[in-house]
Undergrad: 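If you scroll down you'll find the structure; I have some questions about it.
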There are 2 protein chains.
Amino acid sequence: MSDAHRAARREQIAEAALQVLARKGSDTSIAEIVAECGLSAGAIYGNFENKADLARYIAGQLLHRRIGTLDDAVADGAVRTPAEVLRLFMTLRRQPPDLSVLLQFWGEATVDPELKAVLETRATEFRDAVVRALRPWAATQPEDTEPLALRTAEVCMAMVQGYFVNTALFGWMTGAEYLDGAERAFGSPLH
Amino acid sequence: MSDAHRAARREQIAEAALQVLARKGSDTSIAEIVAECGLSAGAIYGNFENKADLARYIAGQLLHRRIGTLDDAVADGAVRTPAEVLRLFMTLRRQPPDLSVLLQFWGEATVDPELKAVLETRATEFRDAVVRALRPWAATQPEDTEPLALRTAEVCMAMVQGYFVNTALFGWMTGAEYLDGAERAFGSPLH
DNA sequence: ACCTGAACACCGTTCAAGT
DNA sequence: ACCTGAACACCGTTCAAGT
């Protein structure tokens, strides 16, 4: 019971903190998280080491959930081209607050090695899920399957990260327009 | 003299703040900026409205300088494919602190509309510089030159932003590997 | 055992006093 | 006119006191 209670408390605090982070970013105060979750300052420090530890927990949870969603979507093992996997990746239902805090975590991770380590772990898991999604396609190509799937997965990750920046900040293109534009830019050069 | 003095003071403060931001991120305190620039707290508030205004100034300056560098690099008007423009873009000399604070600004901009407006302005200027770089190539293609150059420039911007995230946080690929991978993923599908 | 909330050192910002 | 730095309200964090 105690373990379950503790896990529930952490989740209650993390959920409240996520809401405030999405509104206030790095201006988020413990007092506001306290107000949002209905507990006290002491309760937060009984469940997390400090504010940075709470942020790491939120980042880990946020990204962990997405990996399962992607894995489920490609569980059928169908042959999907990189463009099809990217299309799938970009349309995974994603609440707007998530994108905002994801960009906040990226920025903070450049100066916080412990947060960076959390993001690296999750990004690697994510990339491996993309490798699994791309493997059927890579097997149909003349190159060695594994290196091609890995490199292509890394390219897809980078392209999605760029798409997130664009979506959250500039709103220039839809996912479909991005993919069409990339195919046009990198597709057959003699077109 | 007064205007020049004021501009120099702002630059002195901004340069010091940039150094501290690259080390401490959102933990950066006014006290640390004061120590770095050798002035006083009051001097900062005489030259900037507040901490957020100082951040906006730094973001604007940082990105403004880059646009000139890109424009200079493509001033010859040579025909460059999207891959060649991207290669150029990714190899513009860029001090490591710049990439860290750029990611920090992206994260903060998701919750700070005024900072977001500064980034949008600079991103549009940047995109227009990429349009100029791509126009000679776009003119050799069968589609309408302007829409193709614009959309391709947006795609290039997004891909570079994704490359920055990867470089700053994960270090998976060099720029050349990213481009090769993208050409392999989106190039002739029947290869 | 866990939670509360007053207490503490430090934060961003202001402004009277200096030059 | 511009700069200084003590002062103020508020921040993250702790911990004695409660249940």
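All heavy atoms count here, side chains included; hydrogens, waters and symmetry mates do not. To find a chain, count down the sequence lines: A is the first, B the second, and so on, and within it residues start at 1.
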Undergrad: Using whole Å, what does the distance between atom P of nucleotide D:dG12 and atom CD of A:Glu49 come to?
TA: 17 Å
Undergrad: Can you tell me the base-pairing partner of D:dT13? Count Watson-Crick or G-U wobble geometry only, both distances below 3.5 Å, and say none if there is no partner.
TA: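 Checking every strand shown, D:dT13 finds its partner in C:dA7, with both distances under 3.5 Å.
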Undergrad: Let me know the distance between NZ of A:Lys24 and P of D:dC10, rounded to the nearest Å.
TA: 13 Å
Undergrad: If you check every side-chain atom of A:Ser40, which of C:dC3, D:dT4, C:dC11 has the closest atom?
TA: C:dC3
Undergrad: Applying a 4.0 Å non-hydrogen cut-off, can you work out what B:Gly46 is touching in the nucleic acid: base, sugar-phosphate, or nothing?
TA: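 Answer is nothing: B:Gly46 stays at 4.0 Å or more from every strand.
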Undergrad: For the pair made of CD in A:Glu32 and P in D:dC10, what is the distance, rounded to whole Å?
TA: 12 Å
Undergrad: Would A:Ser100 and A:Gln104 count as having a side-chain donor-acceptor pair, cut-off 3.5 Å?
TA: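 Judged by distance alone, the side chains do pair up.
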Undergrad: If you draw a 6.0 Å radius around CD in B:Glu11, do more than 12 non-hydrogen atoms from other residues or ligands fall strictly inside?
TA: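 Yes, the 6.0 Å shell around CD holds more than 12 heavy atoms from other groups.
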Undergrad: Among C:dC3, D:dT13, C:dT13, which nucleotide has an atom closest to any side-chain atom of A:Ile30?
TA: D:dT13
Undergrad: With a 3.5 angstrom cut-off on both distances, give the Watson-Crick or G-U wobble partner of C:dA1, or none if there isn't one.
TA: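 Pairing partner, where one exists within any strand: D:dT19.
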Undergrad: Can you measure A:Asn50 atom CG to C:dA9 atom P for me and round it to whole angstrom units?
TA: 20 Å
Undergrad: How long is the line joining CD1 of A:Ile13 and C1' of C:dC2, in whole Å?
TA: 11 Å
Undergrad: Expressed as a whole number of angstroms, how long is the span from A:Ile44:CD1 to D:dC15:P?
TA: 17 Å
Undergrad: Is there a side-chain polar atom (N or O) of B:Asn47 under 4.0 Å from OP1 or OP2 of D:dC2?
TA: no
Undergrad: Counting only side-chain nitrogens and oxygens, does A:Arg9 get under 4.0 Å of the OP1 or OP2 atom of C:dC3?
TA: yes
Undergrad: Answer yes or no: does atom CG of B:Asp144 have more than 12 heavy-atom neighbours from other residues, nucleotides or ligands under 6.0 Å?
TA: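 No, CG of B:Asp144 has 12 or fewer neighbouring heavy atoms, counting only those of other groups under 6.0 Å.
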Undergrad: Looking at A:Phe126, is A:Arg66 sitting on its ring face, NZ or CZ under 6.0 Å from the six-membered ring centre and within 45 degrees of the normal?
TA: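 Relative to the ring axis of A:Phe126, which defines the angle, A:Arg66 lies outside at least one limit.
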Undergrad: Taking any heavy-atom pair under 4.0 Å as a contact, classify B:Leu39: base, sugar-phosphate, or nothing.
TA: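 Contact class for B:Leu39: sugar-phosphate only.
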Undergrad: Please check if the side chain of B:Thr69 supplies one atom and the backbone of B:Arg65 the other of a donor-acceptor pair under 3.5 Å.
TA: yes
Undergrad: What is the distance from CZ of B:Phe48 to P of C:dT13, rounded to the nearest Å?
TA: 13 Å
Undergrad: Closest approach to the side chain of B:Lys51, judged atom by atom: which nucleotide of D:dC2, C:dG12, D:dG12 is it?
TA: C:dG12
Undergrad: Starting the side chain at C-beta, find the nucleotide from D:dT13, C:dT14, C:dC11 nearest to B:Ser29.
TA: C:dC11
Undergrad: Below the 4.0 Å mark, does C:dT14 have OP1 or OP2 next to a side-chain nitrogen or oxygen of B:Tyr45?
TA: no
